[in-house]
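What follows is one structure encoded as structure tokens, with my remarks underneath.
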Amino acid sequence: MRRLIFFPILALGALTGCGVRAPGKVETVVITGFKHHLSVRGAKDRNPIPATAETVAAGQKVFGYYCYSCHGLDGQNTGVPFADRMSPPVPQLTSKEVQSYSDGQLKWIIENGISPSGMPASKGILNDDEIWEIITYVRHLPAKGSLGEAYK
């Protein structure tokens, strides 16, 4: 008899626990603090590539090969049909959350990815100079939509 009651309660709990909702303020503050201070390494690493028009353009080119499919050509998800449907959503790279990482932390994220967010690791795909160029571009992103849509 107890088993007959236990399984429906377990099933109901599983169904109600699977609902997707936006995180609250406390959850956001806690996880952001965890990522910025504990889980994402490289905070003290400095970008050796100076921010010039040439290095920003080089970063845009590498970004266009490796990052645009999730972040759009402008880093702000322009034209990416699934960006807001992912869980968690693909962040706009101009956001305070992303821009508040140090250059070294961004390098660590690009190299190692963030599981289970969908951010893939580029270790073995991109070299250090390419990653630093991407970071230079991310620090100098163009206006949202100014580069058109990645997918039409």
Side-chain angles (χ1 to χ4, degrees), residues 13-152:
L15 290 175
T16 59
C18 292
V20 177
R21 60 176 177 75
K25 273 189 173 182
V26 173
E27 291 170 305
T28 301
V29 168
V30 169
I31 197 64
T32 299
F34 176 77
K35 289 189 296 188
H36 278 78
H37 301 291
L38 295 173
S39 68
V40 175
R41 296 184 187 100
K44 294 181 182 177
D45 296 340
R46 301 289 171 241
N47 189 341
I49 296 179
T52 65
E54 292 79 24
T55 58
V56 171
Q60 181 181 9
K61 184 176 180 179
V62 179
F63 186 94
Y65 292 131
Y66 189 75
C67 311
Y68 84 94
S69 60
C70 293
H71 294 287
L73 296 171
D74 58 11
Q76 298 166 72
N77 307 342
T78 301
V80 181
F82 59 83
D84 60 343
R85 292 184 192 99
M86 299 268 306
S87 182
V90 176
Q92 291 193 22
L93 301 182
T94 55
S95 71
K96 180 182 174 187
E97 179 185 351
V98 173
Q99 291 293 321
S100 64
Y101 283 112
S102 72
D103 286 355
Q105 288 176 309
L106 290 176
K107 182 176 187 290
W108 189 91
I109 290 168
I110 294 168
E111 281 183 326
N112 298 286
I114 297 180
S115 181
S117 74
M119 173 66 188
S122 71
K123 197 175 280 185
I125 298 170
L126 299 174
N127 65 43
D128 283 350
D129 285 347
E130 291 170 324
I131 294 172
W132 287 123
E133 289 169 348
I134 288 171
I135 293 164
T136 302
Y137 176 63
V138 166
R139 297 295 191 205
H140 298 87
L141 290 168
K144 183 174 178 68
S146 64
L147 300 178
E149 294 187 10
Y151 302 102
K152 287 190 176 188

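Because the structure is a prediction, the values reported are computed rather than measured.
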Would you check if Asn127 and Glu130 make a side-chain contact, meaning some heavy-atom pair closer than 4.5 Å?
yes
Hey, is the main chain of Ser95 close enough, under 3.5 Å, to the side chain of Glu97 for a donor-acceptor pair?
no
Which atoms form the tightest heavy-atom contact between Lys107 and Trp132, and what is the distance?
CD-CZ2, 3.0 Å
Look up atom CG in Asp129 and atom OG1 in Thr55, then write down how far apart they are to the nearest 0.5 Å.
11.0 Å
Assess the residue pair Ile109 and Ile114 against the criterion (side-chain contact (heavy atoms from CB on, under 4.5 Å)); give the C-alpha distance rounded to whole Å, side-chain angles, the decisive distance to 0.1 Å, and a yes or no.
CA-CA 6 Å; Ile109 290 168; Ile114 297 180; 3.8 Å; yes
Given side-chain contact (heavy atoms from CB on, under 4.5 Å), test Leu106 with Ile131 step by step and report yes or no.
CA-CA 9 Å; Leu106 290 176; Ile131 294 172; over 6 Å; no
Neighbour count >12 (heavy atoms, 6.0 Å) for atom NZ, Lys61:
no
Could you grab the distance from atom CG of Asn112 to atom NZ of Lys123, nearest 0.5 Å is fine?
4.5 Å
Looking at every heavy atom in both Glu111 and Ala121, which two are closest together, and how far apart are they?
O-CB, 3.2 Å
Measuring from Arg46:CZ to Ser102:OG, what's the distance to the nearest 0.5 Å?
6.5 Å
I need the Tyr137 OH to Leu93 CG distance, nearest 0.5 Å.
9.0 Å
Heavy atoms, side chains only, cut-off 4.5 Å: are Ile110 and Met119 in contact?
yes
Any side-chain heavy-atom pair of Val80 and Val90 under 4.5 Å
no
Heavy-atom closest contact (Ile49 atom, Glu133 atom, distance):
CD1-CG, 3.8 Å
Using a 4.5 Å cut-off on heavy atoms from C-beta on, say whether the side chain of His71 contacts that of Asn77.
yes
Would you say Phe63 and Val138 make side-chain contact, with heavy atoms under 4.5 Å?
yes
Separation between CD (Gln105) and CD1 (Ile135), nearest 0.5 Å, reads 10.5 Å
Counterpart residues, salt bridge (Lys or Arg N to Asp or Glu O under 4.0 Å), relative to Arg139 (two or more places apart)
Asp103
Quick one, Lys144 with Thr78, criterion side-chain contact (heavy atoms from CB on, under 4.5 Å). Give me CA distance, side-chain angles, the key distance, then yes/no.
CA-CA 7 Å; Lys144 183 174 178 68; Thr78 301; 3.6 Å; yes
Value rounded to 0.5 Å, distance of OH in Tyr66 from CD1 in Ile134:
8.0 Å
